[in-house]
Amino acid sequence: MMSNISLSLDEIFILAKNAFFKNGCDEETSNIMADLVMKAERDGSLSHGLFRVPAYVSGLKSGKINGKGNPDIKTISASVVKANGNNCLAPVVLNKSIPKLIKLAKENGVAILSITNSHHMAAMWPETEIIAEQGLVAIACTSYKPAVAPAGSIKPLFGTNPISFAWPRKNKPPVVFDMATASMAMGEVQVAKREGHKVPLGTGLTKEGKDTTDPAEIADGGVLLPFGGYKGSGIAMMVELLAGALVGDNFSYETAEKDNNDGGPPSGGEFILAISPDKLSDTDWDTHSSKFFDKMKTMGDVRLPGERRHKNRLDKGPRHINEDLVNKIKSLS
Ligand code: NDP
(Lines give C-alpha, C1' and ligand atoms only; values in the text may rest on other atoms or scores of the structure.)
Protein backbone atom coordinates (compact mmCIF):
# COMPACT_ATOMS: atom_id res chain seq x y z
CA MET A 1 0.00 0.00 0.00
CA MET A 2 1.21 3.50 -0.84
CA SER A 3 1.80 5.48 2.34
CA ASN A 4 2.26 9.21 2.71
CA ILE A 5 4.12 11.27 5.26
CA SER A 6 3.44 14.85 6.33
CA LEU A 7 6.07 17.44 5.49
CA SER A 8 5.84 21.18 6.15
CA LEU A 9 6.65 23.50 3.25
CA ASP A 10 9.98 24.30 4.97
CA GLU A 11 10.77 20.58 5.23
CA ILE A 12 9.98 20.11 1.55
CA PHE A 13 12.35 22.98 0.73
CA ILE A 14 15.15 21.47 2.85
CA LEU A 15 14.64 17.96 1.45
CA ALA A 16 14.94 19.27 -2.10
CA LYS A 17 17.77 21.69 -1.30
CA ASN A 18 19.95 18.95 0.21
CA ALA A 19 19.46 16.76 -2.86
CA PHE A 20 20.56 19.58 -5.18
CA PHE A 21 23.41 20.77 -2.95
CA LYS A 22 24.85 17.29 -2.42
CA ASN A 23 24.79 16.58 -6.13
CA GLY A 24 26.87 19.41 -7.50
CA CYS A 25 24.71 22.53 -7.26
CA ASP A 26 26.06 25.66 -5.62
CA GLU A 27 24.11 27.38 -2.85
CA GLU A 28 22.27 29.76 -5.19
CA THR A 29 21.19 27.06 -7.66
CA SER A 30 20.12 24.77 -4.80
CA ASN A 31 18.00 27.54 -3.29
CA ILE A 32 16.34 28.45 -6.60
CA MET A 33 15.55 24.81 -7.39
CA ALA A 34 14.31 23.97 -3.89
CA ASP A 35 12.06 27.04 -3.93
CA LEU A 36 10.56 25.93 -7.25
CA VAL A 37 9.96 22.37 -5.99
CA MET A 38 8.43 23.64 -2.74
CA LYS A 39 6.11 26.00 -4.65
CA ALA A 40 4.99 23.18 -6.98
CA GLU A 41 4.07 21.04 -3.94
CA ARG A 42 2.41 24.03 -2.26
CA ASP A 43 0.23 24.69 -5.31
CA GLY A 44 -0.61 21.03 -5.94
CA SER A 45 1.40 21.02 -9.18
CA LEU A 46 2.48 17.56 -8.13
CA SER A 47 3.86 16.19 -11.38
CA HIS A 48 6.52 18.93 -11.21
CA GLY A 49 7.44 19.01 -7.52
CA LEU A 50 9.50 16.50 -5.51
CA PHE A 51 8.61 13.84 -8.09
CA ARG A 52 11.12 15.45 -10.50
CA VAL A 53 14.07 15.70 -8.09
CA PRO A 54 15.59 12.26 -8.88
CA ALA A 55 15.61 13.09 -12.60
CA TYR A 56 17.30 16.45 -11.98
CA VAL A 57 19.91 14.62 -9.88
CA SER A 58 20.53 12.14 -12.74
CA GLY A 59 21.30 15.04 -15.05
CA LEU A 60 23.62 16.63 -12.48
CA LYS A 61 25.44 13.36 -11.79
CA SER A 62 26.11 12.64 -15.45
CA GLY A 63 27.59 16.12 -15.84
CA LYS A 64 25.01 17.12 -18.44
CA ILE A 65 23.70 19.88 -16.20
CA ASN A 66 26.01 22.48 -14.67
CA GLY A 67 24.80 23.10 -11.12
CA LYS A 68 27.39 25.80 -10.54
CA GLY A 69 27.16 27.57 -13.88
CA ASN A 70 26.13 31.06 -14.73
CA PRO A 71 24.00 32.00 -17.73
CA ASP A 72 25.14 34.77 -20.09
CA ILE A 73 22.34 37.31 -20.30
CA LYS A 74 22.46 40.09 -22.87
CA THR A 75 19.98 42.83 -23.70
CA ILE A 76 20.49 43.00 -27.45
CA SER A 77 17.81 45.53 -28.41
CA ALA A 78 15.00 47.58 -26.87
CA SER A 79 12.78 44.51 -26.85
CA VAL A 80 15.01 41.42 -26.91
CA VAL A 81 16.85 39.73 -24.07
CA LYS A 82 18.96 36.71 -24.96
CA ALA A 83 20.01 34.24 -22.30
CA ASN A 84 22.51 31.50 -23.04
CA GLY A 85 21.97 29.07 -20.20
CA ASN A 86 25.46 27.52 -20.43
CA ASN A 87 23.83 24.26 -19.36
CA CYS A 88 22.34 25.68 -16.17
CA LEU A 89 18.94 24.57 -14.99
CA ALA A 90 16.20 26.70 -16.58
CA PRO A 91 14.87 28.06 -13.26
CA VAL A 92 18.30 29.61 -12.62
CA VAL A 93 18.32 31.20 -16.06
CA LEU A 94 14.76 32.46 -15.55
CA ASN A 95 15.54 33.86 -12.14
CA LYS A 96 18.32 36.02 -13.60
CA SER A 97 16.75 37.01 -16.91
CA ILE A 98 13.07 37.64 -16.20
CA PRO A 99 13.68 40.93 -14.32
CA LYS A 100 15.37 42.24 -17.50
CA LEU A 101 12.44 41.07 -19.64
CA ILE A 102 9.96 42.79 -17.33
CA LYS A 103 11.92 46.04 -17.43
CA LEU A 104 12.03 46.10 -21.25
CA ALA A 105 8.35 45.17 -21.63
CA LYS A 106 7.31 47.96 -19.25
CA GLU A 107 9.49 50.50 -21.08
CA ASN A 108 8.70 49.46 -24.64
CA GLY A 109 5.30 47.79 -24.47
CA VAL A 110 6.56 44.41 -25.57
CA ALA A 111 9.67 42.30 -25.03
CA ILE A 112 10.89 38.78 -25.73
CA LEU A 113 13.22 36.60 -23.74
CA SER A 114 15.01 34.03 -25.86
CA ILE A 115 16.64 31.24 -23.86
CA THR A 116 19.06 28.63 -25.21
CA ASN A 117 21.18 25.82 -23.74
CA SER A 118 19.22 25.40 -20.54
CA HIS A 119 17.54 22.38 -18.95
CA HIS A 120 13.77 22.69 -18.48
CA MET A 121 11.50 20.01 -17.05
CA ALA A 122 9.46 22.13 -14.69
CA ALA A 123 5.94 23.48 -14.96
CA MET A 124 5.66 26.67 -17.03
CA TRP A 125 3.38 28.73 -14.76
CA PRO A 126 6.20 29.96 -12.49
CA GLU A 127 7.60 32.08 -15.30
CA THR A 128 4.35 33.49 -16.73
CA GLU A 129 2.80 34.11 -13.32
CA ILE A 130 5.74 36.13 -12.02
CA ILE A 131 5.64 38.33 -15.15
CA ALA A 132 1.86 38.86 -14.82
CA GLU A 133 2.32 39.78 -11.15
CA GLN A 134 4.20 42.81 -12.52
CA GLY A 135 1.17 43.90 -14.59
CA LEU A 136 2.20 42.29 -17.88
CA VAL A 137 0.60 39.66 -20.13
CA ALA A 138 2.93 36.68 -20.60
CA ILE A 139 3.21 33.70 -22.93
CA ALA A 140 5.88 31.02 -22.52
CA CYS A 141 6.60 27.73 -24.21
CA THR A 142 9.27 25.06 -24.49
CA SER A 143 9.75 21.79 -26.35
CA TYR A 144 11.29 18.54 -25.06
CA LYS A 145 11.93 15.17 -26.73
CA PRO A 146 9.54 13.52 -29.23
CA ALA A 147 6.50 11.89 -27.63
CA VAL A 148 3.58 13.17 -29.71
CA ALA A 149 2.71 12.38 -33.35
CA PRO A 150 1.79 15.30 -35.64
CA ALA A 151 -1.75 14.95 -37.05
CA GLY A 152 -1.52 12.44 -39.91
CA SER A 153 1.51 10.55 -38.54
CA ILE A 154 1.87 7.54 -36.26
CA LYS A 155 5.41 8.42 -35.13
CA PRO A 156 6.41 10.94 -32.44
CA LEU A 157 7.95 14.24 -33.52
CA PHE A 158 6.68 16.89 -31.07
CA GLY A 159 7.51 17.03 -27.40
CA THR A 160 4.62 17.32 -24.99
CA ASN A 161 5.33 21.01 -25.66
CA PRO A 162 3.71 22.98 -22.84
CA ILE A 163 2.42 26.50 -23.32
CA SER A 164 1.49 28.89 -20.55
CA PHE A 165 -0.40 32.19 -20.68
CA ALA A 166 -0.88 34.61 -17.80
CA TRP A 167 -3.16 37.64 -17.61
CA PRO A 168 -2.50 40.28 -14.91
CA ARG A 169 -5.20 41.51 -12.55
CA LYS A 170 -4.91 44.44 -10.17
CA ASN A 171 -5.39 43.29 -6.55
CA LYS A 172 -5.98 39.66 -7.58
CA PRO A 173 -3.71 36.79 -8.61
CA PRO A 174 -3.18 36.58 -12.39
CA VAL A 175 -5.35 34.25 -14.48
CA VAL A 176 -2.92 31.56 -15.69
CA PHE A 177 -3.22 28.53 -17.86
CA ASP A 178 -0.36 26.11 -18.23
CA MET A 179 -0.90 23.02 -20.33
CA ALA A 180 0.92 20.39 -22.30
CA THR A 181 -0.21 20.26 -25.94
CA ALA A 182 -0.31 16.45 -25.75
CA SER A 183 -3.81 15.09 -25.19
CA MET A 184 -2.60 13.51 -21.92
CA ALA A 185 0.72 13.12 -20.14
CA MET A 186 2.36 9.71 -20.73
CA GLY A 187 2.57 9.39 -16.92
CA GLU A 188 -1.23 9.59 -16.73
CA VAL A 189 -1.59 7.00 -19.51
CA GLN A 190 0.67 4.72 -17.45
CA VAL A 191 -1.48 5.27 -14.36
CA ALA A 192 -4.61 4.36 -16.37
CA LYS A 193 -2.84 1.22 -17.58
CA ARG A 194 -1.89 0.22 -14.03
CA GLU A 195 -5.40 0.85 -12.73
CA GLY A 196 -7.15 -0.80 -15.67
CA HIS A 197 -9.02 2.34 -16.85
CA LYS A 198 -9.72 3.21 -20.45
CA VAL A 199 -8.50 6.54 -21.88
CA PRO A 200 -10.59 8.74 -24.21
CA LEU A 201 -10.35 8.13 -27.94
CA GLY A 202 -7.86 10.63 -29.36
CA THR A 203 -5.37 10.20 -26.50
CA GLY A 204 -2.98 8.15 -28.60
CA LEU A 205 -2.44 5.42 -31.17
CA THR A 206 -1.31 1.78 -31.05
CA LYS A 207 2.09 0.92 -32.55
CA GLU A 208 0.27 0.02 -35.76
CA GLY A 209 -1.22 3.53 -35.79
CA LYS A 210 -4.78 2.53 -34.83
CA ASP A 211 -7.06 4.60 -32.57
CA THR A 212 -7.42 3.01 -29.15
CA THR A 213 -8.91 3.55 -25.71
CA ASP A 214 -6.52 0.97 -24.18
CA PRO A 215 -3.72 2.81 -22.33
CA ALA A 216 -1.43 -0.26 -22.55
CA GLU A 217 -1.48 -0.08 -26.34
CA ILE A 218 -0.36 3.57 -26.19
CA ALA A 219 2.23 3.13 -23.43
CA ASP A 220 3.83 -0.01 -24.93
CA GLY A 221 5.21 1.16 -28.24
CA GLY A 222 2.31 3.37 -29.29
CA VAL A 223 2.31 7.16 -29.43
CA LEU A 224 0.50 10.12 -27.87
CA LEU A 225 -1.57 12.51 -29.99
CA PRO A 226 -1.83 16.29 -29.63
CA PHE A 227 -5.03 17.57 -27.96
CA GLY A 228 -7.79 18.55 -30.37
CA GLY A 229 -6.62 16.72 -33.49
CA TYR A 230 -4.99 18.81 -36.21
CA LYS A 231 -5.71 22.05 -34.29
CA GLY A 232 -3.61 21.00 -31.30
CA SER A 233 -1.04 19.66 -33.77
CA GLY A 234 -0.75 23.19 -35.17
CA ILE A 235 -0.16 24.63 -31.70
CA ALA A 236 2.43 21.93 -30.85
CA MET A 237 4.18 22.79 -34.14
CA MET A 238 4.15 26.47 -33.18
CA VAL A 239 5.82 25.63 -29.86
CA GLU A 240 8.56 23.69 -31.70
CA LEU A 241 9.21 26.74 -33.90
CA LEU A 242 9.09 29.38 -31.16
CA ALA A 243 11.25 27.47 -28.66
CA GLY A 244 13.48 26.00 -31.40
CA ALA A 245 14.36 27.81 -34.61
CA LEU A 246 13.17 31.23 -33.41
CA VAL A 247 15.30 31.37 -30.26
CA GLY A 248 18.14 29.46 -31.95
CA ASP A 249 17.89 26.12 -30.22
CA ASN A 250 16.86 22.54 -31.02
CA PHE A 251 13.62 21.00 -32.20
CA SER A 252 12.52 18.10 -30.00
CA TYR A 253 13.89 15.50 -32.43
CA GLU A 254 17.29 17.23 -32.45
CA THR A 255 17.23 17.41 -28.66
CA ALA A 256 16.71 13.63 -28.52
CA GLU A 257 19.60 13.03 -30.93
CA LYS A 258 21.97 15.05 -28.71
CA ASP A 259 20.75 13.97 -25.26
CA ASN A 260 22.73 11.42 -23.22
CA ASN A 261 19.48 9.82 -21.97
CA ASP A 262 20.47 9.99 -18.30
CA GLY A 263 16.81 10.64 -17.42
CA GLY A 264 17.46 14.29 -16.60
CA PRO A 265 16.03 17.23 -18.54
CA PRO A 266 17.81 17.65 -21.90
CA SER A 267 19.31 20.93 -23.08
CA GLY A 268 16.86 23.09 -25.02
CA GLY A 269 15.37 26.50 -25.65
CA GLU A 270 12.48 28.50 -24.27
CA PHE A 271 10.48 31.41 -25.67
CA ILE A 272 8.85 34.03 -23.43
CA LEU A 273 6.83 37.03 -24.58
CA ALA A 274 5.79 39.85 -22.24
CA ILE A 275 3.30 42.57 -23.24
CA SER A 276 2.27 45.70 -21.34
CA PRO A 277 -1.51 46.30 -21.37
CA ASP A 278 -0.84 49.75 -19.90
CA LYS A 279 1.03 50.63 -23.10
CA LEU A 280 -1.33 48.87 -25.53
CA SER A 281 -4.78 49.71 -24.20
CA ASP A 282 -6.32 53.16 -23.82
CA THR A 283 -9.17 51.70 -21.81
CA ASP A 284 -9.27 50.49 -18.22
CA TRP A 285 -8.19 47.00 -19.27
CA ASP A 286 -8.33 45.64 -15.73
CA THR A 287 -12.00 46.54 -15.14
CA HIS A 288 -12.85 45.48 -18.68
CA SER A 289 -11.24 42.02 -18.34
CA SER A 290 -12.62 41.57 -14.80
CA LYS A 291 -16.14 41.94 -16.24
CA PHE A 292 -15.29 39.29 -18.81
CA PHE A 293 -14.00 36.86 -16.16
CA ASP A 294 -17.05 37.55 -13.97
CA LYS A 295 -19.34 36.78 -16.92
CA MET A 296 -17.43 33.56 -17.63
CA LYS A 297 -17.85 32.47 -14.05
CA THR A 298 -21.62 32.90 -14.10
CA MET A 299 -21.90 30.35 -16.91
CA GLY A 300 -22.46 27.07 -15.12
CA ASP A 301 -19.50 25.16 -13.71
CA VAL A 302 -16.85 27.42 -15.21
CA ARG A 303 -13.71 28.02 -13.18
CA LEU A 304 -10.73 30.07 -14.24
CA PRO A 305 -7.50 28.21 -14.98
CA GLY A 306 -4.99 28.67 -12.18
CA GLU A 307 -7.73 28.92 -9.54
CA ARG A 308 -7.11 25.41 -8.23
CA ARG A 309 -3.44 26.19 -7.61
CA HIS A 310 -4.13 29.57 -6.09
CA LYS A 311 -6.63 28.02 -3.71
CA ASN A 312 -4.12 25.33 -2.69
CA ARG A 313 -1.57 28.08 -2.07
CA LEU A 314 -3.66 29.57 0.72
CA ASP A 315 -3.12 26.39 2.77
CA LYS A 316 0.16 26.94 4.66
CA GLY A 317 -0.05 23.55 6.40
CA PRO A 318 1.93 20.36 5.73
CA ARG A 319 1.63 18.43 2.49
CA HIS A 320 1.21 14.65 2.27
CA ILE A 321 4.07 13.21 0.27
CA ASN A 322 4.62 9.66 -0.90
CA GLU A 323 6.97 8.04 1.61
CA ASP A 324 8.94 6.04 -0.97
CA LEU A 325 9.62 9.25 -2.88
CA VAL A 326 10.80 11.04 0.29
CA ASN A 327 13.14 8.14 1.14
CA LYS A 328 14.48 8.05 -2.38
CA ILE A 329 15.27 11.78 -2.32
CA LYS A 330 16.89 11.44 1.13
CA SER A 331 19.10 8.66 -0.23
CA LEU A 332 20.35 11.05 -2.92
CA SER A 333 21.60 13.56 -0.33
P1 NDP B 1 -3.69 20.10 -16.79
O2 NDP B 1 -4.40 19.46 -17.92
O3 NDP B 1 -3.80 19.52 -15.45
O4 NDP B 1 -4.12 21.63 -16.67
C5 NDP B 1 -3.95 22.51 -17.74
C6 NDP B 1 -4.47 23.88 -17.40
O7 NDP B 1 -5.89 23.84 -17.38
C8 NDP B 1 -4.06 24.40 -16.03
O9 NDP B 1 -3.79 25.76 -16.13
C10 NDP B 1 -5.29 24.14 -15.15
O11 NDP B 1 -5.41 25.07 -14.08
C12 NDP B 1 -6.39 24.33 -16.15
N13 NDP B 1 -7.60 23.55 -15.83
C14 NDP B 1 -7.68 22.25 -15.48
N15 NDP B 1 -8.95 21.89 -15.31
C16 NDP B 1 -9.70 23.00 -15.57
C17 NDP B 1 -11.10 23.28 -15.56
N18 NDP B 1 -12.00 22.34 -15.26
N19 NDP B 1 -11.50 24.52 -15.86
C20 NDP B 1 -10.61 25.49 -16.18
N21 NDP B 1 -9.28 25.29 -16.19
C22 NDP B 1 -8.84 24.06 -15.90
O23 NDP B 1 -2.11 20.25 -17.15
P24 NDP B 1 -1.21 19.36 -18.13
O25 NDP B 1 -1.32 17.93 -17.71
O26 NDP B 1 -1.48 19.69 -19.55
O27 NDP B 1 0.25 19.92 -17.76
C28 NDP B 1 0.75 19.72 -16.44
C29 NDP B 1 2.04 20.45 -16.24
O30 NDP B 1 3.08 19.81 -16.94
C31 NDP B 1 2.06 21.91 -16.72
O32 NDP B 1 2.49 22.68 -15.61
C33 NDP B 1 3.09 21.92 -17.83
O34 NDP B 1 3.85 23.11 -17.90
C35 NDP B 1 3.97 20.79 -17.41
N36 NDP B 1 4.77 20.24 -18.54
C37 NDP B 1 6.10 20.58 -18.63
C38 NDP B 1 6.87 20.08 -19.65
C39 NDP B 1 8.30 20.50 -19.80
O40 NDP B 1 8.97 19.96 -20.66
N41 NDP B 1 8.82 21.44 -19.05
C42 NDP B 1 6.32 19.16 -20.65
C43 NDP B 1 4.91 18.92 -20.50
C44 NDP B 1 4.17 19.44 -19.45
P45 NDP B 1 -5.12 24.62 -12.53
O46 NDP B 1 -3.62 24.46 -12.42
O47 NDP B 1 -5.68 25.70 -11.70
O48 NDP B 1 -5.83 23.30 -12.34
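Whatever order the structure lists ligands and atoms in, that order sets their numbers, starting from 1.
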(request) Would you sort out whether Met179 and Phe227 count as a side-chain contact (heavy atoms from CB on, under 4.5 Å), showing the intermediate values? (result) CA-CA 10 Å; Met179 50 170 235; Phe227 78 93; 3.7 Å; yes
I'd like the atom pairs linking ligand 1 to the protein - N or O on both sides, separation under 3.5 Å - with distances to 0.1 Å.
from, atom 1, to, atom 2, distance (Å)
ligand 1, 9 (O), Asp178, N, 3.0
ligand 1, 11 (O), Gly306, N, 3.2
ligand 1, 15 (N), Arg303, NH2, 3.2
ligand 1, 26 (O), Ala180, N, 2.8
ligand 1, 32 (O), Asp178, OD2, 2.4
ligand 1, 34 (O), Met124, N, 3.1
ligand 1, 34 (O), Asp178, OD1, 2.7
ligand 1, 34 (O), Asp178, OD2, 3.1
ligand 1, 41 (N), His120, ND1, 3.2
ligand 1, 41 (N), Ala122, O, 2.8
ligand 1, 46 (O), Arg308, NH2, 3.1
ligand 1, 47 (O), Arg303, NH1, 3.2
ligand 1, 47 (O), Gly306, N, 2.9
ligand 1, 47 (O), Glu307, N, 3.4
ligand 1, 47 (O), Arg308, N, 3.2
ligand 1, 48 (O), Arg303, NH2, 2.8
ligand 1, 48 (O), Arg308, NE, 2.7

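- Side chain of Glu270 to backbone of Leu94: no donor-acceptor contact under 3.5 angstrom is found.
- Residues satisfying the side-chain hydrogen bond (donor to acceptor under 3.5 Å, both in side chains) test with Ser45, not counting sequence neighbours, are Trp125.
- Comment: Asp259 engages Lys64 in a salt bridge, judged by a side-chain N to carboxylate O separation of less than 4.0 angstrom.
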Name every donor-acceptor pair, under 3.5 Å, that has one atom in a side chain of residues 187-197 and the other anywhere in the protein, sequence neighbours excluded.
from, atom 1, to, atom 2, distance (Å)
Lys193, NZ, Asp220, OD1, 3.2
Lys193, NZ, Asp220, OD2, 3.4

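- Listed by chain and residue number, nothing satisfies the side-chain hydrogen bond (donor to acceptor under 3.5 Å, both in side chains) test with Asn312 (two or more places apart in sequence, or in another chain).
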